[in-house]
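What follows is a short report on a single structure.
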Amino acid sequence: MVRRMSADAKQKTSNPDKGSEGGETHFGFRTVRESEKAGLVHDVFEQVADRYDLMNDLMSGGLHRAWKQAMIDWLNPPRSARPFHLIDVAGGTGDIAFRFLERAGEGAQVTVCDINRHMLGVGKTRAEAKAFEGRVEFACGDAETLPFPDRSFDAYTIAFGIRNVTHIDRALKDAYRVLKPGGRFLCLEFSHVAVPVIDQVYDAYSFSAIPAMGKWVTGDGAPYQYLVESIRRFPDQEKFKRMIGEAGFGNASYRNLVGGVAALHSGWRL
């Protein structure tokens with residue numbers, strides 16, 4: 001491989017929640033104050049908002065498009081006129097929302113909630129171009145404290161966003177809160193590769209190629225370096241499954257994509 005994580009970096013990834021007490025958390029491989037993380041993450045996405053699809057193309061080799069479609073396939077929204085309200089969190093550019101509306105029936109609507117207004121602006125522009133007015137709304141809000149009443153939505157999706165929140169457990173509990181009984185939680189996130197050789201190739205690609213390509217395309221590789229590091233700090237598939245159950249969801253399960261490069265996690269508010 002071209003570049004391996006240092007022993008210190010690997011030690012940090014072994015306990016992604018370390019530092020969550022006492023006012024400290026992680027920002028990639030850095031330790032920062034909890035009060036600083038939201039602002040730092042905001043700055044990252046301010047820099048990549050206009051090239052969000054390109055960012056995900058670099059991160060996934062273009063596979064994120066198929067993975068997002070797989071998320072909608074697993075959600076399997078009703079295609080009838082039956083009312084069905086989805087909340088898509090950290091999805092400001094509308095990528096998941098638009099796929100959902102293209103698949104679902106005429107009774108479907110979606111609320112896109114994102115903490116970054118720039119990302120939401122990109123999504124609103126795209127929604128206008130797709131003529132989705134009246135079926136999609138955009139709201140600015142924090143995944144840990146969503147600005148919606150209890151039991152408001154039939155389904156909750158979050159794609160490549162939950163690893164960026166300061167307190168993942170709080171975001172999961174708020175996801176449970178805003179879902180109706182019988183509601184579905186679905187999360188698509190970069191995860192931990194469990195296949196020999198693929199893990200080495202992925203490490204080499206991630207730590208060497210992605211920041212370099214990001215710098216070439218945008219002039220700054222730092223946001224991409226953070227995003228690669230944030231993946232390594234995210235809980236592995238089994239631990240995240242347990243966290244979903246601890247938040248109150250039943251029937252928690254997951255599906256690996258490309259040997260664990262990404263994973264789809266599911267849970268139900270029973």
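Sequence positions, counted from 1, serve as the residue numbers for this chain.
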Would you say [X]'s side chain and [Y]'s backbone share a donor-acceptor pair under 3.5 angstrom?
X: D154; Y: H85; result: yes
X: R99; Y: G94; result: no
X: H265; Y: Q237; result: yes
X: R269; Y: L179; result: yes
X: R126; Y: T93; result: yes
X: N116; Y: M119; result: yes

Working to the nearest 0.5 angstrom, can you tell me the gap between [X] [atom1] and [Y] [atom2]?
X: T157; Y: W74; atom1: OG1; atom2: CH2; answer: 13.5 Å
X: I168; Y: K239; atom1: CD1; atom2: NZ; answer: 8.5 Å
X: I72; Y: R103; atom1: CD1; atom2: CZ; answer: 7.5 Å
X: F84; Y: Q109; atom1: CZ; atom2: CD; answer: 11.0 Å
X: H192; Y: E238; atom1: NE2; atom2: CD; answer: 12.0 Å
X: K241; Y: I244; atom1: NZ; atom2: CD1; answer: 9.5 Å

When you compare the side chain of [Y] with that of [X], does any pair of heavy atoms fall below 4.5 Å?
X: V165; Y: E144; value: yes
X: D114; Y: V89; value: no
X: N164; Y: S230; value: yes
X: V178; Y: R151; value: no
X: T111; Y: D88; value: no
X: L146; Y: R177; value: yes

Assign the ring pair F153 / F148 to parallel, tilted or perpendicular, where the plane angle (0 to 90°) is split at 30° and 60°.
perpendicular
Between D95 and R65, does a salt bridge (Lys or Arg N to Asp or Glu O under 4.0 Å) hold up when you go through it step by step?
CA-CA 9 Å; D95 233 19; R65 301 170 190 273; over 6 Å; no
Please assess L120 against C140 for the test side chain to side chain contact (heavy atoms under 4.5 Å, CB included), listing each intermediate value before the final yes or no.
CA-CA 8 Å; L120 290 168; C140 190; 3.9 Å; yes
Could you tell me whether R163 sits above the aromatic face of F234, with NZ or CZ closer than 6.0 angstrom to the six-membered ring centre and within 45 degrees of the axis?
no
Give the C-alpha distance, both sets of side-chain angles, the deciding distance and a yes or no for side chain to side chain contact (heavy atoms under 4.5 Å, CB included) between E102 and F132.
CA-CA 10 Å; E102 288 164 355; F132 281 138; 3.9 Å; yes
Looking only at non-hydrogen atoms, find the nearest pair between [X] and [Y] and report the distance.
X: S266; Y: R184; value: OG-NE, 2.7 Å
X: K180; Y: S152; value: CE-O, 3.6 Å
X: A155; Y: L75; value: CB-CD1, 3.8 Å
X: G123; Y: F98; value: O-CZ, 3.6 Å
X: P211; Y: S206; value: CD-O, 3.1 Å
X: C187; Y: I162; value: SG-CG2, 3.7 Å

D169/K173 ion pair, N-O < 4.0 Å:
no
Can L63 be reached from Y254 by stepping across I, L, V, M, F, W or Y side chains whose heavy atoms are under 4.5 Å apart?
no
Assigning hydrophobic clusters by single linkage (Ile, Leu, Val, Met, Phe, Trp, Tyr; side-chain heavy-atom cutoff under 4.5 Å), is L257 placed with M71?
yes
Kindly indicate, with the supporting measurements, whether the criterion side chain to side chain contact (heavy atoms under 4.5 Å, CB included) is fulfilled by D203 and R232.
CA-CA 10 Å; D203 270 357; R232 301 311 190 276; 2.8 Å; yes
Using salt bridge (Lys or Arg N to Asp or Glu O under 4.0 Å), reason through R170 and D174 one step at a time and then give a plain yes or no.
CA-CA 6 Å; R170 295 181 191 175; D174 220 45; over 6 Å; no
Between Y176 and F185, is the ring-ring contact (aromatic ring centres under 6.0 Å, His included) condition met? List the steps.
CA-CA 8 Å; Y176 184 90; F185 168 85; over 10 Å; no
Walk me through it: do I87 and V110 pass the test side chain to side chain contact (heavy atoms under 4.5 Å, CB included)?
CA-CA 6 Å; I87 179 171; V110 57; over 6 Å; no
Please find out if less than 6.0 Å separates the ring center of F160 from that of F190.
yes
